[in-house]
Structure formats: structure tokens, C-alpha cells
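One structure is given here, and the rest of the page talks about it.
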Amino acid sequence: MDSILVRGNGPLSGEISIAGAKNAALTLMPATLLTDEPLTLTNVPRLSDIKTTNELLSSLGTEVAVMQDGQIIVLDTHEITNHTAHYDIVRKMRASILVLGPMLAREGYAVVSLPGGCAIGARPVDLHLKGLEAMGAKIDLKEGYIHATAKNGLKGATIEFPFASVGATENILMAATLAKGTTVIKNAAREPEIVDLADCLRKMGAHISGDGSSVITIEGVEKLHGTTHPVVTDRIELGTYMLAPVIAGGEVELLGGRIDLLSAFCEKLDEAGISVTETKRGLKVASRNGRITGVNVTTEPFPGFPTDLQAQMMAALCTADGTSVLEETIFENRFMHAPELIRMGANIDVHGGHATVTGVTKLKGAPVMATDLRASVSLILAGLAATGETIVSRVYHLDRGYEQLVRKLAACGADIERISA
Ligand code: UD1
């Protein structure tokens with residue numbers, strides 16, 4: 001198994017192009033199942049999760065054409081030839097559940113493996129299923145598979161989620177585009193990836209309003225058609241690389257970066273003493289003289305501080321001046337990076353959904369293990385400023401969500417390399 005070797009070597013300087021959002025692509029791609037015409041996606045990030053989604057869609061009958069080294073994907077589902085999303089693909093990637101709503105809406109039935117447990121918590125799919133049931137679907141769980149049927153098609157309904165779920169909002173939004181009548185999603189998730197999905201669906205002929213707010217209204221239509229759509233900027237990749245100069249020192253320009261995608265995160269950086277400047281090409285982040293100030297962070301649904309940046313922020317706060325408390329409210333088991341950061345000399349005390357970080361002046365390189373996607377990148381960031389060598393193993397987690405990570409950081413002067421096993 002490959003690993004990544006990082007040696008802390010002082011300030012960074014340069015620019016990093018931010019890719020299209022993994023989480024947007026993973027919901028835009030299944031939208032192909034809603035139409036028999038081709039859907040072309042551009043600005044697609046080159047990641048293993050995208051390859052897994054291509055594999056999943058191909059297994060259902062989609063013809064997949066990958067162009068420009070993977071940055072353009074044409075998905076043509078003129079016919080759905082198989083209605084079962086098998087466990088061997090779904091277990092690799094929970095977002096596979098997003099084929100359920102579109103396939104059910106177009107075909108009247110779909111069978112999708114229940115996603116297994118996940119390292120960052122239980123992550124059930126009950127809200128996805130309850131939403132589809134409210135639209136008239138019959139759901140049976142048999143031998144680890146969700147069997148969903150709607151013989152006479154799905155019907156519009158008012159669905160109020162008890163809390164905002166990104167995936168459930170996306171599944172119901174896609175399903176509702178082809179349902180009979182009007183669907184209203186209350187307490188909908190407001191993430192930019194949902195607005196991106198709604199934009200694409202509107203280009204395909206869907207009638208959607210209110211996306212980006214907590215109430216989304218969808219008037220079902222008979223048929224959707226093909227379109228071309230660029231994937232929105234990856235705000236999590238953006239936030240991750242914004243923290244690189246904060247941790248390692250120096251100045252980095254993030255091409256394609258936008259403050260509106262990360263306002264709560266930028267406010268926290270400001271509180272910690274880091275200013276973010278808008279440039280013609282994106283955002284610029286420069287380190288400050290001396291240590292950043294410890295800040296308290298609570299993860300929340302958009303527009304709050306993203307759970308997907310909590311691990312990276314913790315890495316930055318390990319060497320802050322003072323104490324920081326990070327509260328994780330979205331996932332119950334999302335501090336697995338803490339023991340690894342402690343191995344590097346961090347002072348962190350995890351108690352339930354909180355982690356108290358008391359800043360130390362310097363971290364020390366160590367062999368560490370990646371446990372999930374965002375945890376693994378937090379260890380790379382920590383390694384950029386640690387003394388000596390940090391070796392991060394289980395790099396396949398990183399390949400799921402960061403395209404060309406080694407190349408992007410090395411171009412800014414980081415001493416980082418991938419070691420093939
Ligand atoms: C998406 C993102 C993930 C991000 C998360 C929160 C993708 C592919 N993944 O995940 O990177 O960390 O949003 O911003 O876009 N829940 C239920 N029942 C459900 C669905 C969710 O209880 O049916 C719970 C989850 O366990 C979690 C919370 O709701 O505690 C929020 O999860 P959700 O917003 O659905 O996250 P995902 O869509 O899985």
C-alpha cells in the first residue's frame with residue numbers, strides 16, 4: 001500500500017488550482033439516470049470516487065465516455081439495463097445510495113445495497129427512505145438490499161426532514177423532478193453542491209425553486225433531457241489548501257477560490273489572525289508573523305463551519321497560541337485524527353463530541369495512519385510544519401478526494417513524495 005512522506009521544510013509559496021467538487025460530482029453523475037439523453041459534466045475532479053461512480057453507473061447500463069484525462073465525462077443512459085446497485089460497489093462508497101431516487105423515479109423500481117457502516121459514524125439512510133415512502137414508494141429491506149417500487153410512478157409530497165441531510169435532500173430532489181405533482185422539501189440542506197445539482201437539473205428541464213434555502217419546491221415534469229454542466233469548485237479542497245500556508249508559513253494563491261463557499265471558515269481564520277484576500281484569480285492566504293490564536297469551532301450544516309474541514313482545522317490549531325475547543329455536531333465519531341496528531345506531539349483531549357486542543361510550539365514528524373479522507377489530509381498538513389519526517393500510510397483514502405495532492409503541494413515548495421509499496 002502506498003504512503004506519503006512529508007518533511008517540514010519551511011514556508012510555502014505559489015499557487016494551487018482548485019478542482020471541481022467531489023461531493024457535487026457524486027450527485028450530478030447519478031442525475032444521468034433521469035434522462036435517456038447524454039449528460040456531459042466538465043470540471044470533473046480526477047479521483048478514485050469518480051471511477052467508482054463510473055463503474056456503478058456502467059453496471060446499471062450507462063455508457064460512460066471519459067475525456068480530457070478525466071476532466072470531462074459524458075454519461076449516456078438511453079436505457080437502464082440493470083436495476084440493482086450491488087454491494088461490492090456500494091460498500092466502497094456510501095454516495096452510491098444517490099442512484100436510488102433517480103432510478104426509482106424513471107423506472108418505477110430500484111434495488112440498492114444498503115451502504116455498510118462507515119469509519120466516521122453510523123450514517124444511516126432512513127431519511128432517504130422515508131422521503132421516498134412519502135412520495136408513494138414501497139420500500140422493503142431484504143438481505144442487505146433496499147427494494148424500492150413505485151408501480152404507478154412517484155407522487156409529489158411535502159417532506160420535512162428532522163435535520164438537514166445533504167444526501168437525503170439530493171436523492172429526494174432528483175426523484176421529485178419526475179414525480180407527478182409538487183414536492184416540497186422542508187429543512188432541506190443548503191450546501192453549494194445542492195444548488196449545483198439544482199442548476200444542472202434545471203438545465204435538463206426540471207422545475208425547481210428555493211435551492212440554497214431550507215425549503216425547496218419541485219414541480220414534477222414528464223421528461224428530462226440532456227445538458228452540459230461544469231462541476232462547482234470544491235470548497236473542501238479549497239479550505240484544505242488555504243490551511244497549508246497557515247500551518248507551514250508562506251503565501252499561497254488558490255485559483256478558483258471563492259469566499260462565499262467558505263464564509264464561516266474564513267471568519268474563523270480571521271479570528272485566528274489570518275486574513276484571506278480576494279484576487280482576480282481566486283483567494284490568497286498568507287501566514288502571519290508568529291503563531292495563530294486558538295479559536296473555538298463548532299461544525300454545522302452549510303453555511304456553518306463544515307465538518308469536512310474539522311480535521312484540517314484541528315491540525316492548524318495544534319500549534320496555535322492558546323487553547324481551542326472543537327465541537328463535532330454532524331458525525332459522532334469524527335476525531336480519529338486526534339490520536340495520530342497526538343503521536344506527532346499535539347496536546348489534544350477528546351471528550352465525547354468535543355476535542356480540546358492546547359497549542360504546542362512545534363509538532364514532530366512520526367509514522368501515522370490515515371483513517372478517513374479528511375483525517376488523512378490533516379496529517380499531511382501537520383507534517384508540513386513538523387520537524388523531521390512524517391509518513392502517512394493508507395493513502396487510498398486521500399486518492400478518493402484529493403486529485404494530485406503531492407504535485408499541488410510540491411509545486412508550492414513542500415517536501416512531499418509518494419512512496420509506492
Ligand atoms: C455529505 C458529504 C460528506 C459530508 C456530509 C455533511 C457527499 C458525498 N458527502 O454526506 O462529505 O461530511 O454531507 O456535510 O456529499 N443521517 C441520518 N439519516 C439519513 C441521512 C443522514 O441520520 O438518512 C445523519 C448522518 O448520520 C449525519 C447527518 O445526518 O449524522 C448528516 O449527514 P448527511 O448530510 O446526510 O451526510 P452525507 O450526505 O452522507
Side-chain angles (χ1 to χ4, degrees), residues 20-31 45 47-50 52-53 56 90 92-101 112 114-134 139 141 146 148 159-175 185 187-197 214 231-232 234-240 261-262 264-265 298-313 327-337 353 372-378 397-398 400-402:
K22 169 182 85 78
N23 287 351
L26 295 188
T27 185
L28 289 163
M29 293 171 76
L47 302 169
S48 62
D49 271 8
I50 301 295
T52 305
T53 309
L56 172 65
V90 177
K92 288 193 213 165
M93 198 187 61
R94 289 186 42 88
S96 307
I97 188 74
L98 295 171
V99 301
L100 178 62
V112 178
L114 274 166
C118 172
I120 60 170
R123 301 183 83 173
V125 292
D126 54 322
L127 301 181
H128 301 238
L129 303 186
K130 280 184 190 139
L132 293 171
E133 276 176 335
I139 308 274
L141 299 181
I146 303 160
I159 296 158
E160 178 155 9
F161 290 129
F163 50 88
S165 155
V166 175
T169 302
E170 291 165 345
N171 235 336
I172 300 304
L173 174 57
M174 287 190 278
I185 309 176
N187 208 3
R190 293 181 280 164
E191 270 67 3
E193 293 74 28
I194 288 172
V195 176
D196 200 37
L197 172 64
S214 51
V231 179
V232 69
D234 195 320
R235 65 197 163 96
I236 306 301
E237 191 197 27
L238 171 64
T240 301
L261 294 173
L262 281 178
F265 173 76
T298 301
T299 62
E300 283 169 350
F302 191 84
F305 191 101
T307 173
D308 285 353
L309 284 172
Q310 178 259 108
Q312 300 90 312
M313 190 71 181
E327 185 186 5
E328 174 57 58
T329 69
I330 312 289
F331 294 112
E332 70 269 32
N333 185 19
R334 209 174 192 183
F335 286 130
M336 283 171 302
H337 39 286
D372 68 57
L373 170 57
R374 308 306 170 182
S376 29
V377 84
S378 76
H397 288 294
L398 282 169
R400 294 189 52 195
Y402 289 93

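Ligands are counted one by one from 1 in listed order, and the atoms in each one are counted from 1 as well. All figures in this text were calculated on a predicted structure; none of them were measured in a lab.
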Heavy-atom side-chain contact between Val99 and Val90 under 4.5 Å: no
Enumerated ligand 1 atoms positioned under 4.0 Å from heavy atoms of Thr307: 6 (C), 12 (O), 14 (O)
Val125 vs Pro115 side-chain heavy atoms within contact, under 4.5 Å: yes
Side chain, backbone, both or neither: the part of His128 lying under 4.0 Å from ligand 1 by heavy atom: both
Mode of Ile330 contact toward ligand 1 - side chain, backbone, both, neither (heavy atoms, under 4.0 Å): both
Heavy-atom proximity to atom 3 (C) of ligand 1, best of Thr169, Asp308, Leu129, Asp126: Asp308
Distance filter under 4.0 Å to Gly167 heavy atoms, resulting ligand 1 atoms: 35 (O), 38 (O)
Contact with ligand 1 for Phe302, non-hydrogen, under 4.0 angstrom: no
Any side-chain donor near an acceptor of the partner, Glu300 and Thr329, under 3.5 Å: no
Ser165-ligand 1 polar pair, N/O distance under 3.5 Å: yes
Polar contact flag for Asn23 and ligand 1 (N/O pairs, less than 3.5 Å): yes
Backbone or side-chain N or O of Phe331 under 3.5 Å from ligand 1 N or O: no
Per-residue contact class, Arg334 against ligand 1 - non-hydrogen pairs under 4.0 Å: side chain
Ligand 1 contact by Pro124, heavy-atom criterion under 4.0 angstrom: yes
Minimum side-chain heavy-atom gap Arg94-Leu26 below 4.5 Å: no
Partners passing salt bridge (Lys or Arg N to Asp or Glu O under 4.0 Å) against Arg190 (at least two apart in sequence or in another chain): none
Contact (N/O only, under 3.5 Å) between Ala95 and ligand 1: no
Option with minimal heavy-atom separation from atom 13 (O) of ligand 1, where the choices are Leu26, Thr299, Val166, Asp372: Val166
Leu309 and its side chain to side chain contact (heavy atoms under 4.5 Å, CB included) partner, picked from Leu238, Thr299, Thr240: Thr240
Option from Arg374, Lys22, Glu193 for which side chain to side chain contact (heavy atoms under 4.5 Å, CB included) with Ile236 holds: Arg374
Close approach, Glu300 and ligand 1, non-hydrogen under 4.0 angstrom: no
Pair Arg400-Asp372, salt bridge (Lys or Arg N to Asp or Glu O under 4.0 Å): steps then yes or no: CA-CA 10 Å; Arg400 294 189 52 195; Asp372 68 57; over 6 Å; no
Pair Asn23-Glu191, side chain to side chain contact (heavy atoms under 4.5 Å, CB included): steps then yes or no: CA-CA 10 Å; Asn23 287 351; Glu191 270 67 3; over 6 Å; no
